[in-house]
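Worksheet: the structure to be examined is printed underneath.
Only this structure's heavy atoms are used, side chains among them; waters, hydrogens and symmetry mates stay out.
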Amino acid sequence: MPELEKLARQYEGRVGFVAVSVAPDRTRIRVAAERMGLRAMPVAAAESEMLAPLELETVPATFLVSADGTMVERYQGLVSNDVVARRLDALLARP
């Protein structure tokens, strides 16, 4: 998540980021987010209803969602910031 935090800071004001934890304990999530220094993006607790449509197979997973709510890209497992940044740049360059 610290890597995603770096990306969130890099794209601040142009792209919104939300981290979603599959852990059910919200206090534990908050403490972990504070320890990791996550400040550029909110951290939410995933409810089972939210996870089902994502077809989440592994964590971590990264999803790029357009402003209208359409899933544009999904990455299962770890993905480098370079890969995500290139995709975000391409999406932002679209008219």
Stepwise side-chain contact (heavy atoms from CB on, under 4.5 Å) test for Val83 and Arg87: CA-CA 6 Å; Val83 168; Arg87 185 66 172 126; 5.9 Å; no
List the steps and the verdict of side-chain contact (heavy atoms from CB on, under 4.5 Å) for Arg30 and Thr27. CA-CA 5 Å; Arg30 185 178 35 76; Thr27 301; 3.6 Å; yes
Begin with the C-alpha distance, continue with both residues' side-chain angles, and end with the deciding distance and a verdict on side-chain contact (heavy atoms from CB on, under 4.5 Å) for Val84 and Glu73. CA-CA 9 Å; Val84 176; Glu73 192 79 54; over 6 Å; no
Walk me through it: do Tyr11 and Leu92 pass the test side-chain contact (heavy atoms from CB on, under 4.5 Å)? CA-CA 10 Å; Tyr11 285 89; Leu92 290 170; 3.8 Å; yes
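The shortest heavy-atom contact between Ala23 and Ala45 is O-CB, 4.3 Å. Gln76 and Phe63 get closest at one heavy-atom pair: NE2-CZ, 4.4 Å.
By the neighbour-count criterion of 12 heavy atoms within 6.0 Å, atom CZ of Arg35 is sparsely surrounded, having that number or fewer from other residues, nucleotides or ligands. Within 6.0 Å of atom CG in Leu91, more than 12 heavy atoms from other residues, nucleotides or ligands are found, so the atom counts as buried in its surroundings.
In this structure, CG in Leu4 is found 6.0 Å from CZ in Phe17, a value given to the nearest 0.5 Å. The distance from atom CD of Gln10 to atom CG of Leu88, rounded to the nearest 0.5 Å, is 8.5 Å.
A donor-acceptor contact shorter than 3.5 Å links the side chain of Glu5 to the backbone of Arg39.
Donor-acceptor pairing under 3.5 Å is recorded for the side chains of Thr70 and Asp68.
Ion pair Glu12/Arg9 not flagged as a salt bridge, since none of the NZ, NE, NH1 or NH2 atoms sits closer than 4.0 Å to an Asp/Glu carboxylate oxygen.
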